[in-house]
Amino acid sequence: MSQNLHIYNTINRKKEEFVALNPPFVGIYVCGPTVYGDPHLGHARPAITFDVLFRYLVFLGNKVRYVRNITDVGHLENDADEGDDKIAKKARLEQIEPMEVVQYYTDRYHTFMDMLNVKKPSIEPRASGHIIEQLLLIEEIEKNGFAYEKNGSVYFDVEAYSKKYHYGKLSGRVLEDLYSNTRSLDGQSEKKNSFDFALWKKALPEHIMRWPSRFGDGFPGWHLECSAMSTKYLGEEFDIHGGGMDLLFPHHECEIAQSVAASGKETVRYWMHNNMITINGQKMGKSLGNFITLEELFSGQHAVLTKAYSPMTVRFFILQAHYRSTLDFSNEALTAAEKGFERMIEAYNNIDKIKTLDNSTVNIQDIRNKCLDALNDDLNTPIVIANLFEVVKNINSAIAGTESFNVENIAECKKLFDDFVFNIMGLVAETSSSGNEILSNVVDLLLNERIEAKKRKDFAASDRIRNELTALGIEIKDTKEGFEWKLKN
RNA sequence: GGUCUCUUGGCCGAGCGGCUAGGCACCGGUCUGCAAAACCGUCUACUCCGGUUCGAAUCCGGAAGAGACCUCCA
């Protein structure tokens with residue numbers, strides 16, 4: 001069943017028509033967060049990108065099962081498979097149970113994803129809840145001769161694997177290069193080759209996160225969970241696997257190797273990777289310490305922020321760039337997004353103010369088709385937004401009397417916004433609440449006084465009312481009928 | 001060092017060989033008592049050097065700069 005959706009498949013480096021394996025069912029797996037720190041802007045990008053994909057596939061009439069995991073064990077400090085588990089480290093630092101760390105940051109993640117209006121995935125599996133599945137996967141890999149045990153740890157044998165399969169097909173890595181490039185790392189490893197990766201790590205006495213296995217007490221390697229859980233919930237072959245570009249290598253490359261080593265099958269049909277958010281041209285990342293948490297962003301509490309930005313401003317900002325482009329953070333860019341989004345919502349709220357005519361000078365259907373084309377072209381949300389601004393202009397012009405809408409246009413317009421802005425792109429009209437009823441009445445009273453003052457030509461009085469209300473954060477708009485106002489957030 | 005990617009107007013960002021998005025800012029006009037909002041208009045960019053082509057921001061080659069991955073990161 002063709003739906004004309006084309007997506008860029010990282011594994012072939014080109015756009016391909018999306019054809020579901022078992023239509024109308026679509027399976028998506030996306031790498032979720034490792035819950036050892038507060039969610040930051042970088043987490044928002046894949047969450048929103050794949051949320052839009054999820055929403056759009058549903059919009060197209062598919063039955064989508066969207067799996068996004070929580071990594072709560074096994075993610076080591078560095079991928080030489082040495083060092084500490086990130087969560088265990090945090091737990092020791094704060095003198096709490098690892099699962100308390102996991103619970104806290106999982107809740108935080110959910111809170112902020114809700115604020116960004118990111119839909120909950122169909123299934124949100126945790127690595128620690130799938131230890132058995134991971135151990136079974138190790139059995140398979142070992143049985144097929146692609147793993148070896150050393151001192152209670154089990155490693156994936158990349159060399160053995162690459163004799164039969166192509167290791168590096170996703171990332172374009174060449175094994176020979178890996179030999180020369182990684183050999184310089186410390187030689188005390190248990191691994192045959194430095195590019196081998198852990199499937200299971202022996203737990204040292206001080207490790208608090210540990211599970212029994214026939215190799216002894218230990219914990220699973222980082223890449224294993226995604227292979228185990230995606231297979232469990234989506235099958236040995238499924239449609240789309242997504243994640244950040246930084247996970248391409250080694251994480252996703254290892255996932256492919258593990259799955260192929262275990263089942264002999266290519267599990268994933270379409271690989272999708274979102275690009276990074278940069279700040280001052282540099283990747284915003286945990287390790288660089290230049291990240292801005294979502295809490296800081298929404299509250300404005302960060303040295304580089306000149307003000308707070310609302311969740312929808314952030315969502316709109318992210319959607320204004322294509323997901324495969326880097327997106328540079330700056331106050332100017334955020335402010336521009338904020339104003340643009342406000343204007344768009346304002347237009348939507350004003351649709352009913354249009355006085356319909358018999359004739360029509362606008363073509364909403366044409367714009368609708370352009371929006372669909374844009375989404376079908378690898379989820380090109382910036383083009384969708386550009387087209388929607390055409391409609392914004394149409395609406396404002398119609399109110400100003402320079403364009404004409406007929407009755408159908410009004411309905412088309414509302415449908416367009418409902419489908420694309422709210423439903424597919426998941427934006428929400430943040431109603432800058434007009435406070436309570438008393439406030440509302442008081443402001444109306446003052447503004448009516450102002451109209452009286454204007455009638456008396458007492459402009460000093462009318463300007464004073466306007467200026468003081470403005471100073472209090474109330475935005476006043478004079479209209480032919482009288483006035484409009486709203487609280488400025 | 002290896003692999004890969006990017007370089008667009010004041011800023012952010014589309015673009016995938018001709019029709020030269022969009023947002024924000026700026027400037028002029030309309031509206032207004034004056035503003036704000038809105039509308040109309042102006043501003044017209046593609047890092048550099050070669051090449052292909054009737055025609056290139058878009059394709060090819062080279063240079064410069066930036067970034068990502070090769071270590072945890074979305």
Side-chain angles (χ1 to χ4, degrees), chain A residues 13 15 30-34 36-37 39-47 49-50 75-84 86 168 171-174 176-178 180-182 184-185 194-195 222 242-251 273-278 281-288 291 316-317 320-322 324-341 343-344 346-347 350 370 374 377 380-390 392-393 395-397 399-403 454 457-459 462-463 466-467 470 475-480 484:
Chain A
R13 313 274 153 149
K15 286 182 199 169
V30 172
C31 291
T34 302
Y36 71 110
H40 58 84
L41 234 194
H43 291 102
R45 176 96 112 142
T49 297
F50 294 107
H75 210 154
L76 297 175
E77 285 284 292
N78 66 67
D79 206 47
D81 292 317
E82 307 291 342
D84 227 338
K86 288 182 169 183
S171 61
R173 272 323 113 92
V174 180
E176 282 78 66
D177 294 343
L178 292 175
S180 51
N181 285 324
T182 51
S184 56
L185 293 175
S194 53
F195 45 73
W222 170 39
M245 249 174 206
D246 49 346
L247 297 176
L248 227 151
F249 189 90
H251 186 53
H273 292 93
N274 63 274
N275 215 319
M276 305 290 104
I277 287 179
T278 58
Q282 201 178 34
K283 186 175 92 163
M284 186 179 290
K286 193 100 186 166
S287 54
L288 295 164
F291 64 96
F316 188 80
F317 171 67
Q320 250 187 328
H322 188 261
R324 283 192 291 111
S325 301
T326 55
L327 172 58
D328 199 51
F329 167 90
S330 69
N331 282 290
E332 294 73 21
L334 256 309
T335 303
E338 180 177 56
K339 289 193 176 164
F341 180 59
R343 195 167 143 245
M344 177 176 278
E346 195 74 12
N350 288 337
K370 285 180 179 163
D377 185 14
N380 200 330
T381 51
I383 298 284
V384 175
I385 290 173
N387 278 295
L388 288 168
F389 273 110
E390 289 301 312
V392 168
K393 201 169 189 176
I395 293 168
N396 287 330
S397 298
I399 293 168
T402 53
E403 295 271 14
K454 278 163 74 176
K457 302 240 188 278
D458 183 358
F459 297 122
S462 75
D463 285 356
R466 180 176 68 194
N467 294 341
T470 303
E475 230 172 52
I476 295 155
K477 203 191 280 185
D478 287 349
T479 65
K480 284 202 174 66
E484 285 174 16

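Naming: A, B, ... by sequence-line order, numbering from 1 per chain. Atoms considered below: every heavy atom in the structure, side chains included; atoms not considered: hydrogens, waters and symmetry mates. Keep in mind it's a predicted model, so treat the numbers as computed, not measured.
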In whole Å, what is the span from the [atom1] atom of [X] to the [atom2] atom of [N]?
X: A:L248; N: B:C4; atom1: CG; atom2: P; value: 13 Å
X: A:F195; N: B:U71; atom1: CZ; atom2: C1'; value: 16 Å
X: A:F249; N: B:G2; atom1: CZ; atom2: C1'; value: 12 Å
X: A:H273; N: B:U5; atom1: NE2; atom2: P; value: 15 Å
X: A:I399; N: B:C31; atom1: CD1; atom2: C1'; value: 15 Å
X: A:I395; N: B:A37; atom1: CD1; atom2: C1'; value: 16 Å
X: A:N350; N: B:A37; atom1: CG; atom2: C1'; value: 10 Å

For atom [atom1], what is the distance between [N] and [M], given to the nearest Å?
N: B:U44; M: B:C11; atom1: C1'; result: 16 Å
N: B:C46; M: B:A14; atom1: C1'; result: 13 Å
N: B:G9; M: B:U20; atom1: C1'; result: 13 Å
N: B:U47; M: B:A38; atom1: P; result: 33 Å
N: B:G2; M: B:C60; atom1: C1'; result: 24 Å
N: B:G15; M: B:U58; atom1: C1'; result: 8 Å
N: B:C59; M: B:C43; atom1: C1'; result: 31 Å
N: B:C31; M: B:A35; atom1: C1'; result: 11 Å

Can you name the closest pair of heavy atoms from [X] and [Y] and give their distance?
X: A:A347; Y: A:I395; value: O-CG2, 3.6 Å
X: A:F50; Y: A:V30; value: CG-CG2, 3.7 Å
X: A:M245; Y: A:R324; value: CE-O, 4.2 Å

Applying salt bridge (Lys or Arg N to Asp or Glu O under 4.0 Å), name anything that partners [X], two or more places apart in sequence or on another chain.
X: A:K15; result: A:D377
X: A:D478; result: A:R450, A:K454
X: A:K477; result: A:E346
X: A:E403; result: none

Scan [X] against the nucleic acid and name what it touches under 4.0 Å (heavy atoms): base, sugar-phosphate only, or nothing.
X: A:H322; value: sugar-phosphate
X: A:N275; value: base
X: A:G42; value: base
X: A:Q282; value: sugar-phosphate
X: A:I277; value: base
X: A:M276; value: base

Residues in side-chain hydrogen bond (donor to acceptor under 3.5 Å, both in side chains) contact with [X], at least two apart in sequence or another chain:
X: A:N331; value: A:T306, A:Y309
X: A:S171; value: A:E253
X: A:R343; value: none

Tell which nucleotide pairs with [N], taking only Watson-Crick or G-U wobble pairs whose two distances are both under 3.5 angstrom.
N: B:G61; result: B:C49
N: B:C16; result: none
N: B:A66; result: B:U5
N: B:G28; result: B:C40

Looking only at B:C69, B:C39, B:C4, the nucleotide nearest the A:K283 side chain is B:C69
By nearest-nucleotide position on RNA chain B, the 5'-leaning member of A:S330 and A:E403 is A:S330
Result for 5'-nearest mapping on RNA chain B, choosing between A:K286 and A:T402, is A:T402
Could you list the protein-to-nucleotides 32-36 of chain B atom pairs, N/O on both sides, closer than 3.5 Å?
residue : atom : partner : partner atom : Å
B:G33   : O6   : A:S462  : OG           : 3.4
B:G33   : N1   : A:D463  : OD1          : 2.9
B:G33   : N2   : A:D463  : OD2          : 2.9
B:C34   : O2   : A:R466  : NH2          : 3.0
B:C34   : N3   : A:R466  : NH1          : 2.8
B:C34   : N3   : A:R466  : NH2          : 3.2
B:C34   : N4   : A:R466  : NH1          : 3.1
B:A35   : N6   : A:D478  : OD2          : 2.8
B:A35   : N1   : A:D478  : OD2          : 3.4
B:A35   : N3   : A:R466  : NH1          : 2.8
B:A36   : N1   : A:D478  : O            : 3.4

Given protein heavy atoms under 4.0 Å, the one-letter contact record of nucleotides 16-26 of chain B, with B base, S sugar-phosphate only and - none, is simply B----BSBSS-
Check: Does A:S325 put a side-chain nitrogen or oxygen below 4.0 Å from OP1 or OP2 of B:A14?
Finding: yes
(Q) Can you see if the side chain of A:N380 gets near the phosphate of B:G15 - specifically, an N or O under 4.0 Å from OP1 or OP2? (A) yes
Could you check whether the rings of A:H251 and A:W222 sit parallel, tilted or perpendicular, using 30° and 60° as the cut-offs?
-> parallel
query: Once the angle between the rings of A:F341 and A:F316 is folded into 0 to 90°, is it parallel (under 30°), tilted (30 to 60°) or perpendicular (over 60°)?
result: tilted
